[in-house]
Amino acid sequence: MSFTTSIISWNSSENNRSMPWKGAKDPYKIWLSEIILQQTRVAQGLPYYEKFIQNFPTIFDLANAEDQFVFKLWEGLGYYNRCRNLLFTARYIVENYDGIFPKNYEQIIELKGIGPYTAAAIASFAFQLPYAVLDGNVYRVLSRYFGIETPSDSPEGEKIFAKLAQDNLDKKKPGVYNQAIMDFGATICLPAIPKCNQCILSKDCTALALGLINKLPIKEKILKKKTRYFTWFVFRVNDQIFIQQRRAKDIWENLYEFFLVESEGKPNWENKSVNEWLENQFKQHPKELEISPVLSQQLTHQKIFAQFIQISLDRMPVQLPKANWLNIKNLTHFGFPKLCKEFIEQNF
DNA sequence: AAGTCGGGGTG
DNA sequence: CACCCAGACTT
């Protein structure tokens with residue numbers, strides 16, 4: 001039995017993975033689910049999908065929404081440029097296609113936030129077009145079954161896997177096949193400990209025969225991690241709090257935060273030095289001052305150490321933009337990085 | 001072609 | 001702790 005036939009067979013006999021958008025024909029819902037699920041586990045993305053569909057049942061609702069509200073709904077999901085591109089593309093489709101999702105692959109992949117994987121997913125799920133998806137699951141399944149030792153994250157590997165994926169696509173039912181191979185990778189051909197003993201493809205699996213299961217797929221890129229030290233000053237004047245939006249090309253772009261000072265070494269803010277710093281910066285002493293313990297967060301490429309310093313002042317420092325002061329009760333309307341979000345939940 | 005973008009699950 | 005997840009964009 002061919003690989004393709006086996007995957008289809010497994011799907012009809014053993015695959016019982018269910019997802020709310022599975023079998024959906026509305027390209028808007030398929031697109032939304034695919035953007036949310038980029039580099040994100042289904043279980044993690046699911047509640048966000050539900051929230052978005054509830055708040056934005058159609059692409060027009062999303063296009064008409066305020067940025068800040070959409071980012072608030074995305075808060076905690078990570079990779080925030082996905083959210084920015086989602087909004088941009090919703091508005092683009094409303095403007096240029098009367099809100100009707102384009103139906104051919106070339107137009108789909110042209111859209112912001114949609115790359116080869118997402119374009120193939122939309123084209124095959126929504127329009128039954130013969131484009132093979134290539135995601136982390138597919139790389140793993142193909143590399144093991146066919147014994148491909150070329151690194152899947154190299155330019156050469158990407159070409160080999162793209163051709164292999166397309167060659168094995170079931171052109172008559174591309175949507176069903178694409179869904180099936182990803183479900184297979186997510187439930188049977190698992191990354192660390194695959195369920196080879198209950199895999200109906202195991203007798204033809206090259207990696208299993210050669211003892212390469214725990215080596216494939218091969219990845220060559222090495223993850224570089226850097227450590228950063230953030231001190232967030234939570235300035236407060238009566239019930240007004242200072243916040244700012246992150247704009248630089250950096251982590252958490254477009255989210256909000258408190259006044260940030262980043263330092264090279266480990267931050268060590270004693271009361272005295274904060275007082276001096278405030279005096280130098282703003283010619284004011286704090287009325288009250290509270291320093292949090294040093295918190296940390298592990299990101300994919302960065303380790304963040306962070307400390308919050310709450311400072312009550314008599315008046316707003318003229319150096320800080322007046323428009324950035326916000327009533328405390330409106331803090332919940334803005335999307336914050338996880339560290340700030342947790343700080344807010346614990347302190348306000 | 002290489003770097004960068006989050007947060008959570010898993011072994 | 002390291003690795004991975006329905007990847008895409010920037011330089």
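All figures in this text were calculated on a predicted structure; none of them were measured in a lab. A note on names: the letters A, B, ... follow the listed sequences, proteins ahead of strands, and every chain is numbered from 1.
Less than 6.0 angstrom separates the ring centroid of A:Trp21 from the ring centroid of A:Tyr49.
Between C:dA6, C:dA8, B:dG6, one nucleotide has an atom nearer to the side chain of A:Arg82 than all others, and that is B:dG6. Checked against C:dG7, B:dG7, B:dG8, the side chain of A:Arg41 finds its nearest nucleotide in B:dG8. Here the side chain of A:Asp250 is nearest to one of B:dC5, C:dC9, C:dA6, namely B:dC5. Counting only heavy atoms from C-beta on, A:Pro191 has its side chain closest to C:dC4 among C:dC4, B:dG6, C:dA6. Closest to the side chain of A:Tyr79, from the set C:dC4, B:dC5, B:dG7, is B:dC5. Closest to the side chain of A:Asp183, from the set C:dA6, B:dG7, C:dC9, is C:dA6. Across B:dG8, C:dT10, C:dA6, the shortest atom-to-atom separation from the side chain of A:Lys338 is found for B:dG8. Taking every side-chain heavy atom of A:Lys225 into account, C:dA2 is the closest of C:dA2, C:dC9, B:dG6. Side-chain proximity of A:Asp135 to the nucleotides B:dC5, C:dA6, C:dA2 is greatest for C:dA6. Considering only the side chain of A:Gln39, C:dG7 comes nearest among B:dC5, B:dA2, C:dG7.
Between A:Asn137 and the phosphate of C:dA6, there is a side-chain N or O to OP1/OP2 separation shorter than 4.0 Å. Phosphate contact (OP1/OP2 of C:dC9, side-chain N/O of A:Gln38, threshold under 4.0 Å): absent. Between A:Thr118 and the phosphate of C:dA8, there is a side-chain N or O to OP1/OP2 separation shorter than 4.0 Å. OP1 or OP2 of B:dG7 sits under 4.0 Å from a side-chain N or O of A:Trp252. A sub-4.0 Å separation between OP1 or OP2 of B:dG7 and a side-chain N or O of A:Gln297 is present.
In this structure a side-chain-to-backbone donor-acceptor pair under 3.5 Å is missing from A:Tyr139 to A:Glu158. A distance-only check finds no donor-acceptor pair linking the side chain of A:Asn55 to the backbone of A:Phe52 [under 3.5 Å].
Counting to the nearest Å, the C1' atom of C:dA8 and the CD1 atom of A:Ile251 are 18 Å from each other. Rounded to an integer number of Å, the gap from A:Glu156 CD to B:dA2 P is 12 Å. Atom P of nucleotide B:dG6 and atom CG of A:Asn85 are separated by 12 Å, given to the nearest angstrom. Remark: P of C:dA8 and CG of A:Leu86 are 14 Å apart, rounded to the nearest angstrom. Protein atom NZ of A:Lys341 is 14 Å distant from nucleotide atom C1' of B:dG8, rounded to whole Å. Rounded to whole Å, the distance from OH on A:Tyr48 to C1' on C:dC5 is 15 Å. Rounded to whole angstrom, the span from the CD1 atom of A:Ile218 across to the P atom of C:dC4 amounts to 12 Å. Note: OH (A:Tyr80) to P (C:dC9) measures 19 Å, nearest angstrom.
Among the heavy atoms of the strands, none lies under 4.0 Å from A:Arg84. Among the atoms of the strands shown, base atoms are found under 4.0 Å from some heavy atom of A:Trp21. At the heavy-atom level, A:Ser154 lies nowhere under 4.0 Å from the strands shown.
Looking at which nucleotide of DNA chain B each of A:Gln302 and A:Ile193 is closest to, the 5′-most match is held by A:Gln302. With the nearest nucleotide of DNA chain B identified for both A:Leu77 and A:Ile222, A:Ile222 has the one nearer the 5' end. Along DNA chain C, the nucleotide nearest to A:Lys22 and the one nearest to A:Gln298 differ in position, and the one closer to the 5' end is contacted by A:Gln298.
The existence of a salt bridge linking A:Arg91 and A:Glu95 is excluded, since no basic side-chain nitrogen approaches an acidic carboxylate oxygen closer than 4.0 Å. Look at A:Glu156 and A:Lys159 and you find no salt bridge, because none of the NZ, NE, NH1 or NH2 atoms lies under 4.0 Å from a carboxylate O. Looking at A:Arg247 and A:Glu253, no side-chain N of the basic residue comes within less than 4.0 Å of a carboxylate O on the acidic one, giving no salt bridge.
No path of Ile, Leu, Val, Met, Phe, Trp and Tyr side chains, each step under 4.5 Å between heavy atoms, connects A:Ile218 with A:Phe146, placing them in separate hydrophobic clusters.
For A:Thr40 against C:dG7, no side-chain N or O and base N or O form a donor-acceptor pair under 3.5 Å. Under 3.5 Å, the side chain of A:Gln44 and the base of B:dG7 form at least one donor-acceptor pair of N or O atoms.
To the nearest whole angstrom, the two P atoms, one in B:dG11 and one in C:dA6, are 14 Å apart. To the nearest whole angstrom, the two C1' atoms, one in B:dG6 and one in C:dC3, are 15 Å apart.
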